[in-house]
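Shown next, in structure tokens, is the structure this report addresses.
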Amino acid sequence: MSVTEKIPSIDRKIFKILIMCSKKEFVSINSIANELNVTTRSVRTYIKQLNKDLGNDIAVIKYIKGQGYKLEIKDEQILNKIIDMNRKNVFSLNSKEDRVEFILNYLIELDGFITLDSLADEMCVGRTTLVNDFQYVEKVLASYNLNLIKKQNTGMKLNGNELDIRLFILNQLYKNSRKDFSNSKYFKGIKKEEIINNFYVTDEMLREVINYIVVLVYRVKEEKKVKDYDVKFDLLKSYDEYFIAREIKHIISGMFECTLNDEEIIYLTIPLVSG
């Protein structure tokens with residue numbers, strides 16, 4: 001295999017873990033979680049993915065009890081190429097469109113608060129540029145009934161109910177960006193025939209339902225469940241599609257071994273009535 005074939009494209013947040021581990025002999029899980037504004041559980045998931053991206057023949061991040069995570073390098077030349085290439089990809093935020101997309105994705109993944117200055121540092125852009133970008137970001141969020149909670153000296157974070165956040169992910173982040181649901185591991189775990197055999201759905205509707213399922217499973221695995229929603233969605237309970245969605249919910253629970261509450265049925269009804 002050539003060197004160029006070994007250069008993986010690493011997710012931005014995961015790439016930051018690689019950089020942290022390359023600068024210190026040991027890095028604690030709490031310091032990584034604090035730096036990325038995520039839970040320690042997410043950190044373990046990210047490191048597992050990072051090791052998969054790197055491959056055991058290039059480098060591996062191992063946990064050393066009592067000390068933290070340590071980067072063990074097998075092929076320093078290729079590792080440096082991986083870092084150089086991904087650093088260029090991560091920080092190529094020259095256009096407003098790219099910056100806004102980055103910010104929206106960042107806010108979706110953020111568990112805590114982040115200050116404008118910290119975000120500017122992460123993106124390697126000026127504070128004034130970011131202030132201007134956020135004027136558009138907040139307009140986009142408002143169109144999905146979402147907003148930002150802002151606290152002085154603490155920062156900001158996304159605010160809104162889970163159902164609106166998922167509709168935002170589906171209709172804004174994916175349809176208007178370069179993302180592709182088919183790259184998701186959850187997409188590959190969906191047994192389409194179980195849905196087709198149990199219900200009549202058109203090909204177009206099936207694609208939309210699967211997209212909704214991918215986002216559902218991803219969010220539930222991150223412990224983000226639909227708990228409340230606009231009362232207007234209660235009308236969906238009177239539709240025949242609601243009962244189909246209830247059965248799909250049971251199928252998904254078995255496929256991915258996850259517990260779903262009844263509010264998730266409302267979410268799954270939306271693509272059925274929209275198709």
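- Atom CD in Q77 sits 11.0 Å away from atom CD1 in I82 (nearest 0.5 Å).
- The hydrophobic clustering, which links ILVMFWY residues whose side-chain heavy atoms are closer than 4.5 Å, places I103 and Y136 together.
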Pair T115, N153 - check side chain to side chain contact (heavy atoms under 4.5 Å, CB included), show working.
CA-CA 8 Å; T115 65; N153 301 324; over 6 Å; no

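- How far CD of E204 is from CZ of R207: 6.0 Å, rounded to the nearest 0.5 Å.
- A continuous path of ILVMFWY side-chain contacts below 4.5 Å connects L50 to I19, so both sit in one hydrophobic cluster.
- A cation-pi contact, defined as under 6.0 Å to the ring centre and within 45° of the axis, is absent between R166 and Y212.
- Between D53 and Q49, the side chains place a donor N or O and an acceptor N or O closer than 3.5 Å (distance only, hydrogens not considered).
- When side chains are defined from C-beta on, Y106 counts as touching I114, because their heavy atoms get closer than 4.5 Å.
- With sequence neighbours left out, the side-chain hydrogen bond (donor to acceptor under 3.5 Å, both in side chains) criterion links E25 to no other residue.
- The hydrophobic clustering, which links ILVMFWY residues whose side-chain heavy atoms are closer than 4.5 Å, places V137 and F113 apart.
- By the rule that hydrophobic residues join a cluster once side-chain heavy atoms approach within less than 4.5 Å of another member, I17 and F26 end up as members of separate clusters.
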Apply the test side chain to side chain donor-acceptor pair (under 3.5 Å) to residues N132 and T129: give CA-CA distance (whole Å), side-chain angles for both, the deciding distance (0.1 Å), then the verdict.
CA-CA 5 Å; N132 292 332; T129 298; 5.9 Å; no

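- For the pair Y267/L236, no side-chain contact is recorded, criterion being any heavy-atom separation below 4.5 Å from C-beta on.
- At least one side-chain heavy atom of I213 sits less than 4.5 Å from a side-chain heavy atom of I248.
- Remark: D164 CG to I169 CD1 distance equals 11.0 Å, nearest 0.5 Å.
- Under the 3.5 Å distance criterion, the side-chain polar atoms of N261 are matched with a main-chain donor or acceptor of V226.
- Atom CG of residue L260 and atom CD1 of residue I251 lie 12.0 Å apart, to the nearest 0.5 angstrom.
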Go through the steps to decide whether K74 and D57 satisfy the test salt bridge (charged side-chain N to carboxylate O under 4.0 Å, His left out), and finish with yes or no.
CA-CA 6 Å; K74 308 290 182 65; D57 57 334; over 6 Å; no

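- With 3.5 Å as the limit, one finds no donor-acceptor pair spanning the side chains of S42 and T45.
- Atom CG of D203 sits in a sparse spot, with 12 or fewer heavy atoms from other residues, nucleotides or ligands closer than 6.0 Å.
- Atom NZ of K221 sits in a crowded spot, with more than 12 heavy atoms from other residues, nucleotides or ligands closer than 6.0 Å.
- Taking Y63 as the reference, Y69 meet the ring pair (Phe, Tyr, Trp, His ring centres under 6.0 Å) condition, with sequence neighbours excluded.
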Would R41 and E223 count as a salt bridge (charged side-chain N to carboxylate O under 4.0 Å, His left out) if you check the C-alpha gap in whole Å, the side-chain angles of each, and the deciding distance to 0.1 Å?
CA-CA 11 Å; R41 179 181 177 180; E223 300 183 352; 2.4 Å; yes

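- Under the 4.5 Å side-chain heavy-atom criterion for grouping Ile, Leu, Val, Met, Phe, Trp and Tyr, V131 is connected to L158 within one hydrophobic cluster.
- Between L163 atom CG and N145 atom CG the span is 10.0 Å, to the nearest 0.5 Å.
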Test salt bridge (charged side-chain N to carboxylate O under 4.0 Å, His left out) applied to R219 and E162, step by step:
CA-CA 9 Å; R219 296 291 289 179; E162 177 62 18; 2.9 Å; yes

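- The shortest heavy-atom contact between L272 and A245 is CD1-N, 3.8 Å.
- Of the candidates D111, V215, I108, D111 is the only one forming a side-chain contact (heavy atoms from CB on, under 4.5 Å) with K224.
- I83 approaches F15 most closely through the heavy-atom pair O-CZ, 3.5 Å.
- Between the side chain of E72 and the backbone N or O of I61, no donor-acceptor pair lies under 3.5 Å.
- Using a 4.5 Å cut-off on side-chain heavy atoms (C-beta onward), L54 and V60 make no contact.
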Would I270 and F233 count as a side chain to side chain contact (heavy atoms under 4.5 Å, CB included) here? Give the steps.
CA-CA 9 Å; I270 295 173; F233 288 109; 3.9 Å; yes

Show your reasoning for whether side chain to side chain contact (heavy atoms under 4.5 Å, CB included) applies to V273 and Y242.
CA-CA 9 Å; V273 300; Y242 179 82; over 6 Å; no

Can you list the steps and then say if E264 with L216 is a side chain to side chain contact (heavy atoms under 4.5 Å, CB included)?
CA-CA 8 Å; E264 298 289 358; L216 180 154; 3.5 Å; yes

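- The closest donor-acceptor contact from the side chain of D262 to the backbone of I265 lies at 3.5 Å or more, if one exists at all.
- K24 places a side-chain heavy atom less than 4.5 Å from the side chain of V27.
- Of all the heavy atoms in E109 and V38, the pair that sits closest is O-CG1, 4.3 Å.
- Taking every heavy atom of both residues into account, G160 and I165 meet most closely at O-CD1, 3.8 Å.
- With a 6.0 Å radius and a threshold of 12 heavy atoms from other residues, nucleotides or ligands, K52 has its NZ atom at or below the threshold.
- Rounding to the nearest 0.5 angstrom, the gap separating the CE atom in M156 from the OG atom in S118 is 9.0 Å.
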Begin with the C-alpha distance, continue with both residues' side-chain angles, and end with the deciding distance and a verdict on salt bridge (charged side-chain N to carboxylate O under 4.0 Å, His left out) for D117 and R127.
CA-CA 6 Å; D117 289 333; R127 192 179 193 279; 2.7 Å; yes

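- Not a single ring pair (Phe, Tyr, Trp, His ring centres under 6.0 Å) links Y229 to another residue, sequence neighbours left out.
- A salt bridge is absent between D84 and K81; no separation between the charged side-chain nitrogens and carboxylate oxygens falls under 4.0 Å.
- Not one N or O on the side chain of S274 forms a donor-acceptor pair closer than 3.5 Å with the backbone of P271.
- For the pair I47 and V43, the minimum side-chain heavy-atom distance is below 4.5 Å.
- When side chains are defined from C-beta on, K227 does not count as touching N161, because their heavy atoms never get closer than 4.5 Å.
- When all heavy atoms are compared, the tightest approach of L116 to L130 is O-CD2, 3.6 Å.
- By the 4.5 Å heavy-atom criterion applied to side chains, L148 and L107 are counted as neighbours.
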